[in-house]
Amino acid sequence: MLTSFIPVDKESHFPIQNLPFSAFETEDGEIHLCSAIGDYVIDLFVLDEAGLFDGKYLKDQFAFQDSTLNFFMGLGKPAWQEARQTLTSLLDKENPTLRDDDLLRSRVFVPMEDVEMIMPVEIGDYTDFYSSEQHAFNVGSMFRDPDNALMPNWKHLPVGYHGRASSIVLSGTDLHRPKGQTIPNDSDQPVFGDSKLLDFELEVGFFTGPGNELGDTISVDNAEDHIFGMVLVNDWSARDIQKWEYQPLGPFLAKNWATSISPWIVTLDALSPFRLDMPEQDPEVLPYLNQKNRSTFDINLEVYLDNENLNEPHKLATSNYKHMYWSMAQQLAHQTVTGCNVRPGDMYASGTISGNTEDSYGSMLELTWKGSKPVQLNDGSERKFIQDGDNIIMTGYAENDDYRIGFGAVEGKILPSKK
Ligand code: CA
């Protein structure tokens, strides 16, 4: 098995097989693109400046001397794979280039605990899908009818909406409780004030690479060539605002105030040992969504709630990315079938990922069944929805007998609303 001269714990999210991409602030206050191994950030700016990305696609491109990944994402899969090969080789315990160069090593590896991570992408557009059947079934059962929980379109197309890119924030950003219009029970007049039914949504997102010109499409069987990598997503949702505003055009202010993502973008190549075939779809989909060898990834997902009263974070849910009805490739093919253009650095989120057991639901709405079954926390208190001071933490990783491919975490604390 491939190993690095940098020691990596077996439980680490960042073995040499992962090599995710992000950005961090250096000691001098500059923003550098980076990868990760074990407990270290790998400064890609330093490696690029030293001329070590010297393959066919990255030589003289200065791709890692930018402050965002957008240019690198736009170079496409051959460049992404070349960067991965270069990093794998430089970190290999048999390769002396970096291993035996003390000066370069001291500049390239920075302890992760000492750095602040920075949003690594300038996100142009954001789409949020709704692709977990159990989640759609749960919501449809709660608000409509368990016998007709899925809308007639749900198994024919990956339902989604265009979200808000400007308020996507990196893990660790604290957020004020939003205010808005809601409709009290038994009233026909709205009121204005703090959202009282604040929720998280456990999702996984992907970032696009090259994309397509306006008017062109991305075919379902080529779509993965346009997917740069994946992150954890918390699609914060104000359920009471959502309930009043959502008909007939879907979510608007309930979800536009914040979406949190994990800092590390994990590539599909790193996740490839964890591919799972997806079951045949019934009913059969239209040809433009009919993907050969439809697959997803076996990624364990966990959600925790922490606050200053708890001795340790309370686990709210355990789910898995494999609980998806639609693949990322189908989502991207659907997004572009009209000729909608996709650009490097656009973000696409899966929709809330709920498994088929009550402890695997990906939102408070489902875990407490609209607040009717409150969650008991380990300090004896109860939660129906998120309270001020609660920190919501999501983690994710794929694993086999030898290593984990991890995403790190996405967390965010809810502060009182702004006065
Ligand atoms: Ca969502």
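As the structure lists them, so they are numbered: ligands from 1, and atoms in each ligand from 1. All heavy atoms count here, side chains included; hydrogens, waters and symmetry mates do not.
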Residues that E224 engages under salt bridge (Lys or Arg N to Asp or Glu O under 4.0 Å), provided they are two or more places apart
R275
Among all residues two or more places apart in sequence or in another chain, which pass the salt bridge (Lys or Arg N to Asp or Glu O under 4.0 Å) test with D402?
none
By side-chain contact (heavy atoms from CB on, under 4.5 Å), W244 pairs with (sequence neighbours left out) Q181, I183, P190
Taking the inter-plane angle between the rings of Y361 and W369 on a 0 to 90° scale, is it parallel (under 30°), tilted (30 to 60°) or perpendicular (over 60°)?
tilted
Do F228 and F207 make the cut of ring centroids closer than 6.0 angstrom?
no
Check step by step if side-chain contact (heavy atoms from CB on, under 4.5 Å) holds for S350 and M324.
CA-CA 8 Å; S350 58; M324 299 291 290; 3.4 Å; yes
Sort by chain and number the protein N/O/S atoms that are closer than 3.0 Å to the Ca ion (ligand 1), and list them.
D128 OD2, E201 OE1, E203 OE2, D235 OD2
